[in-house]
There are 2 protein chains.
Amino acid sequence: MKYNEFLKILSAFKEEFSRESLFENRDKIRVKKDSSVTKNLERIFDTTLVISNKKGFQAMTMRDLSREAGLSMGALYSYFSSKEVLLTMLQHHGRSITKNILERQIKIEKEPADKLITAIKIHLYLSEAMQPWFYFSYMEARNLSEQEQTRAIESELYTERIFEEILQEGEIAGVFQSGNHQLTAGIIKAMLQDWYLKRWKYAKRNISVERYAEYLTGMIEAFCLSPGN
Amino acid sequence: MKYNEFLKILSAFKEEFSRESLFENRDKIRVKKDSSVTKNLERIFDTTLVISNKKGFQAMTMRDLSREAGLSMGALYSYFSSKEVLLTMLQHHGRSITKNILERQIKIEKEPADKLITAIKIHLYLSEAMQPWFYFSYMEARNLSEQEQTRAIESELYTERIFEEILQEGEIAGVFQSGNHQLTAGIIKAMLQDWYLKRWKYAKRNISVERYAEYLTGMIEAFCLSPGN
DNA sequence: GTCTATACACAGATAGAC
DNA sequence: GTCTATCTGTGTATAGAC
């Protein structure tokens, strides 16, 4: 799949999913009118990502956010009860999109080798399209409450387990070599994360997401495929 | 090389290097007595790493640091002029140790394949021994001043270039396959970083640094070595 | 050199007018 | 629903005693 095709799928998904997604935390929001929520919450989220990714969520003041988002302090606080809640909402929002898209796209493939390639590509494409959120999610994990940190770790391990299971499945089917699949899955995850954590580097070197995907899958195949496959 | 052997080399190096290293910022420190500096500065550094790695440098207050390091606010400020300067000093300190050790150990090897393995191992061992600093350095990079950020990026790219050059050298010697060595070097770096960024994960899974090193070098060799080597 | 006490700025959050 | 004005706690940093 090309990145352009993926973008279409993603935007269709967001369209369909926007109510559940953006309104997941509806009960925590004081504002009643839906149209205000959709309009302002997205603006608040986007602005938070921009400022936080530059200097950290902790260092972003509510006055910064107020100014950049074009809403008064008072208005901001009618969308969340505290800065910490804003952080939690933002994390939830991104996680549910990621999880849904990833599962949905992997299900389409039947063969382990295809599944592996697809999982890698979709993850890369996702993190390309939602880079600010992925970066934010990684860097701010330790500012979360204990409960939310647990969820973040679960989410991290969940993705890894997807890779691990595909590798396992492939070994049984005879297409993948045996090995420590958990370790391999972890290493794959690390390579995927590098893409959104070091975006500046790859941009400077003119490496497109498709090029990176190709190089990465090549490396994984060299290591995982059974000889002859 | 085993990790234990490395630790001996490291501690010998630190011994010999401690003056230059700890006193690199000597001019910025108001305290005159050397014995006070060696004793307290190391304590300040270590404590800063512990607190910051838990909740972020920004979120660590000087009162936190004062309490945990067992020094009053006033005393703290006689070792650095501001919180920002403390950050800069800490970064410098770790960078010079890393750079020196890495260069010194790689020089020993002559064959590209050995050089590559050594570079990977030494980097892993270093980040194992100095994990708090490596983690800190990665996570707090964006809180640095513009000038210091440039230095941090340079340092990051410098390490990558070491790998790139080894790969290049090996291709000419015929032991490594051709390919985009810059991309490969970046990916190797990502895998090395995962070790100190996700230490909790590997600890939980009982993966030792030696085991990780072995797995990683195995993967790199599968991808890089020319057939027949 | 190290302490205690304090200055001063600025953070997050809310009350109440519109 | 959104604004402005303001409360209160906490942050970094320093002055001056010991």
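To find a chain, count down the sequence lines: A is the first, B the second, and so on, and within it residues start at 1. Atoms considered below: every heavy atom in the structure, side chains included; atoms not considered: hydrogens, waters and symmetry mates.
Contact annotation for B:Asn40: backbone-only contact, meaning every heavy-atom pair under 4.0 Å involves sugar-phosphate atoms and none involves a base.
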Worksheet entry | nucleotides 12-18 of chain C: protein proximity per nucleotide (B base, S sugar-phosphate only, - neither; heavy atom, under 4.0 Å) | BBB----
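Remark: A:Arg211 does not engage A:Glu128 in a salt bridge, criterion side-chain N to carboxylate O under 4.0 Å.
Pairs passing the side chain to side chain donor-acceptor pair (under 3.5 Å) check and including a residue from residues 58-69 of chain B, sequence neighbours excluded, read B:Lys55-B:Asp64, B:Thr61-B:Asp64, B:Asp64-B:Arg67.
Summarising the geometry, the separation between CD1 on A:Ile51 and C1' on C:dA11 is reported as 15 Å, rounded to the nearest angstrom. In this structure, B:Ile29 places its CD1 atom 12 Å from P of C:dT2, rounding to the nearest Å.
Among all heavy-atom pairs drawn from B:Ile44 and B:Thr48, the shortest one is O-OG1, 2.7 Å. The shortest non-hydrogen separation linking B:Phe57 to B:Glu140 is N-OE2, 3.0 Å.
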Item to complete: Assess whether side-chain contact (heavy atoms from CB on, under 4.5 Å) is satisfied between B:Met89 and B:Phe80, documenting all intermediate values.
Response: CA-CA 9 Å; B:Met89 283 166 64; B:Phe80 45 81; 4.1 Å; yes
